[in-house]
Amino acid sequence: MDDDVVVIDEDENEKNGEETAEIRPPLTRSHKITRESSEKHNLLLILTGSIAVMKVTELISTLYEKCGKQRLSIKVVTTENAMKLLQIQKLELDEMIYEDRDEWSMWRERGDPVLHIELRKWADSALIAPLDANTLAKIANGLCDNLVTSVIRAWDLLKPCYFAPAMNTHMWENPLTLQHRNVLKSQLKFKEICPIQKELICGDTGQGAMASVGTITSVISALVRDQLAIRSKGS
Ligand SMILES: Cc1cc2nc3c(=O)[nH]c(=O)nc-3n(C[C@H](O)[C@H](O)[C@H](O)COP(=O)(O)O)c2cc1C
């Protein structure tokens with residue numbers, strides 16, 4: 001990450017009886033989001049508040065393995081709840097992680113970057129993995145009350161967007177879930193990477209667990225390969 005890191009007051013941590021992960025200060029208007037190279041595919045990896053965020057480090061390293069680091073650039077966007085899960089799990093990523101607070105700290109006046117628009121312009125594609133029931137419902141209903149849903153509401157629908165739902169079996173089987181998934185697939189033309197059946201962390205067994213890292217990364221690496229091939233033919 002390219003920004004300074006602030007260490008939370010250790011006394012405060014002791015009072016709480018727990019270690020706190022390091023957090024960086026919010027980004028400022030001088031933060032630039034630029035494309036590195038036309039030979040790279042820019043992937044926006046969007047995380048929402050499902051326990052499956054635990055898979056993010058494996059997901060990212062496998063994506064680089066399958067696509068090649070020289071052909072793929074990843075930026076991560078999180079909801080506040082996904083960030084909480086990352087911090088509880090003490091997961092640290094090398095990639096830039098954008099959060100809600102950055103949206104409001106980067107803009108001061110006309111001409112300053114509007115983060116959700118800059119991210120949308122930077123990206124060649126988006127992968128929402130995991131997509132939890134809450135953000136799925138919000139997207140299906142057009143809500144845009146945080147950075148993740150604003151990026152998606154402003155998404156260029158000609159660019160590919162994949163989503164990998166992850167939720168408890170009862171949430172998955174709720175009729176609203178089917179309704180919301182159908183909106184994403186039929187109206188927005190987003191592509192679903194279907195969940196699988198297994199014993200979930202909450203103890204229930206059934207459909208709803210996020211697709212395997214192998215499946216998700218195979219889908220995305222095929223996309224990266226195809227898009228770079230089309231781009232190189234066009235140049
Ligand atoms: C430990 C934990 C695990 C959770 N896992 C899931 C999950 O896998 N899928 C889901 O839909 N919600 C899950 N939730 C509930 C969501 O985090 C909750 O609905 C939250 O409001 C989602 O916010 P977001 O969509 O803004 O990230 C979990 C909550 C906790 C505390």
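Whatever order the structure lists them in is the order used to number ligands and atoms, beginning at 1. Since the model is a prediction, treat every value here as computed from it, not as a measurement.
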* Asked: Does the side chain of Thr205 pick up a donor-acceptor pair with the side chain of Lys198 at under 3.5 Å?
  -> no
* Mind checking whether Tyr98 and His116 have ring centres under 6.0 Å apart? -> no
* Does a donor on one side chain sit under 3.5 Å from an acceptor on the other, for Glu36 and Ser73? -> yes
* Would you please say whether a donor-acceptor pair under 3.5 Å links the side chains of Glu95 and Tyr64? => yes
* Collect the protein residues that have a non-hydrogen atom under 4.0 Å from ligand 1 and hand them over in chain and number order. => Thr48, Gly49, Ser50, Ile51, Thr79, Asn81, Leu85, Asp132, Ala133, Asn134, Thr135, Ala166, Met167, Met171
* Distance-only side-chain donor-acceptor flag, Thr215 / Ser218, under 3.5 Å -> no
* Structure fact -> Across all chains, not counting sequence neighbours, the ring pair (Phe, Tyr, Trp, His ring centres under 6.0 Å) partners of Phe163 are none
